Amino acid sequence: MHRLTSQHGLDMPAIGLGTWPMTGAECTRAVHQALELGYRHIDTATAYDNEAAVGQALRDSPVAREQIHLTTKVWWDRLTPTAMRQSLEDSLRALGTEQVDLFHIHWPGKDWDLARSIDTLVALRDEGKARCIGVANFPLGLLRQVAEELGAPLSAIQVEYHALLDQQPLLDYARQHGMALTAYTPLARGRVAEQQVIRDIAAKHGALPSQVALKWLLDQDGVAVIPKASSEHNQLSNLAALQVQLDDQDRALIAALPKDQRVVNPEFAPDWNS
Ligand SMILES: NC(=O)c1ccc[n+]([C@@H]2O[C@H](COP(=O)([O-])OP(=O)(O)OC[C@H]3O[C@@H](n4cnc5c(N)ncnc54)[C@H](OP(=O)(O)O)[C@@H]3O)[C@@H](O)[C@H]2O)c1
């Protein structure tokens, strides 16, 4: 399995399994199946209400916990020091583990004390409850503040990224500062595969459009992907995306696609240009 490393000890498979919006037995089944098929990177969050289901799959699976990279996140309304600590404790209990491999602030807070939240994030890492830390959905200005002014030892950022959304400024920044970028919603929930250009490239290589969408991301330095897939067929075909070989002509065609199609933009989202 192709791995991605970044500063402060992050070392994770470049393809992970996204688990939202699966919950309960459906989630346990899908995660267990993914581990059986070779996935070793699972993405969850308190907000997905599925950590206990993921934990059940981890317990049921013969794959050892140390072999699996596990990411979880704290929701944006639990960013005071006490609430954040409690959130991670709850996550660890639900997941049945003493440490997660990567712990993210899921979204920037509202009217929050940024420095105190970041101090707490760093303390949880120093205490060993999270091996590495990161932030998700932070626009560039805020990321810069956290990394440079507050000096937080971030290993990764997680943001929406796919062939229909430009994230070049964040990607450049992540690379310059030694962070990995985890691309969430990497298939744009099917929209990338609907593009005729992507379908033509897939046909040329005897691959699936979804594999072209993922390989375009995986070919970029420092980028990991976490497609959500529940069926065995989709989980396997996403893993096999690594075998697709894109060429410069394919990349030029994909570069020319519209890059303003943001799929995830809830009312509590930050100003993306800030
Ligand atoms: N940090 C954040 O704020 C944030 C926000 C959104 C998502 N995420 C994370 O990112 C993960 C993925 O994002 P997402 O679920 O929004 O979107 P996505 O991965 O782009 O798309 C998921 C959809 O694509 C389908 N699919 C997967 N593989 C396929 C294949 N090979 N062929 C055809 N269809 C396929 C899935 O169907 P089946 O399930 O039927 O296979 C599902 O309907 C989430 O599960 C979550 O872990 C994080």
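Treat the numbers as computed from the prediction; the structure is a model and nothing was measured.
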Going by distance alone, is a donor N or O of one side chain under 3.5 Å from an acceptor N or O of the other, for [X] and [Y]?
{"X": "Thr44", "Y": "Asn50", "value": "yes"}
{"X": "Tyr173", "Y": "Gln167", "value": "no"}
{"X": "Asn137", "Y": "Tyr184", "value": "yes"}
{"X": "His233", "Y": "Gln235", "value": "no"}
{"X": "Gln195", "Y": "Arg199", "value": "no"}
{"X": "His69", "Y": "Asp11", "value": "no"}
{"X": "Asp172", "Y": "Gln168", "value": "yes"}

Handout entry: Arg65 vs Asp101, salt bridge (charged side-chain N to carboxylate O under 4.0 Å, His left out): CA-CA, chis, key distance, verdict
Key = CA-CA 11 Å; Arg65 168 68 187 90; Asp101 300 285; 3.0 Å; yes

Fill in the blank from the handout: Here the pair of heavy atoms bringing Leu95 nearest to Arg59 is O-NH1, 4.2 Å

Problem - Residue pair Pro186 / Val192: nearest heavy atoms and the distance that separates them - result: O-CG2, 4.3 Å

How long is the straight-line distance from [atom2] of [Y] back to [atom1] of [X], given to the nearest 0.5 Å?
{"X": "Ile226", "Y": "Thr19", "atom1": "CD1", "atom2": "OG1", "result": "8.5 Å"}
{"X": "Leu88", "Y": "Ile133", "atom1": "CG", "atom2": "CD1", "result": "11.5 Å"}
{"X": "Ser155", "Y": "His8", "atom1": "OG", "atom2": "NE2", "result": "6.0 Å"}

Problem - Side chain Arg131, main chain Leu10, donor-acceptor under 3.5 Å - result: no

Handout entry: Flag, side chain of Gln211 to backbone of Ala202, donor-acceptor distance under 3.5 Å
Key = no

Practice task
Give a yes/no verdict on a cation-pi contact between Lys259 and Trp272, requiring under 6.0 Å between NZ or CZ and the six-membered ring centre and an angle within 45° of the axis.
Solution key: no

Practice task
Assert yes or no for the condition that the ring centre distance of His106 to Tyr48 is strictly below 6.0 Å.
Solution key: yes

Side chain to side chain, [X] and [Y], heavy atoms closer than 4.5 Å:
{"X": "Ile105", "Y": "Ile118", "result": "yes"}
{"X": "Leu102", "Y": "Gln158", "result": "no"}
{"X": "Leu92", "Y": "Val100", "result": "yes"}
{"X": "Asp43", "Y": "Leu17", "result": "no"}

Handout entry: Qualifying side chain to side chain donor-acceptor pair (under 3.5 Å) pairs with a residue from residues 110-126, counting only residues at least two apart or across chains
Key = none

Practice task
Following the transitive rule for hydrophobic clusters with a side-chain heavy-atom cut-off under 4.5 Å over Ile, Leu, Val, Met, Phe, Trp and Tyr, establish whether Leu181 and Val264 coincide in one cluster.
Solution key: yes

Completion exercise
From the list Ile198, Leu164, Leu165, Thr185, side-chain contact (heavy atoms from CB on, under 4.5 Å) partner of Arg191 resolves to Leu164

Exercise for the section: Report the C-alpha separation of Glu51 and Thr72 in whole Å, then their side-chain angles, then the decisive distance to 0.1 Å, and conclude whether the side chain to side chain donor-acceptor pair (under 3.5 Å) test is met. Expected result: CA-CA 8 Å; Glu51 287 173 308; Thr72 196; 2.6 Å; yes

Handout entry: Steps toward salt bridge (charged side-chain N to carboxylate O under 4.0 Å, His left out) verdict (Lys204, Asp247)
Key = CA-CA 11 Å; Lys204 172 175 135 187; Asp247 58 35; 3.0 Å; yes

Practice task
Check step by step if salt bridge (charged side-chain N to carboxylate O under 4.0 Å, His left out) holds for Arg189 and Glu160.
Solution key: CA-CA 11 Å; Arg189 299 188 183 152; Glu160 177 175 344; over 6 Å; no

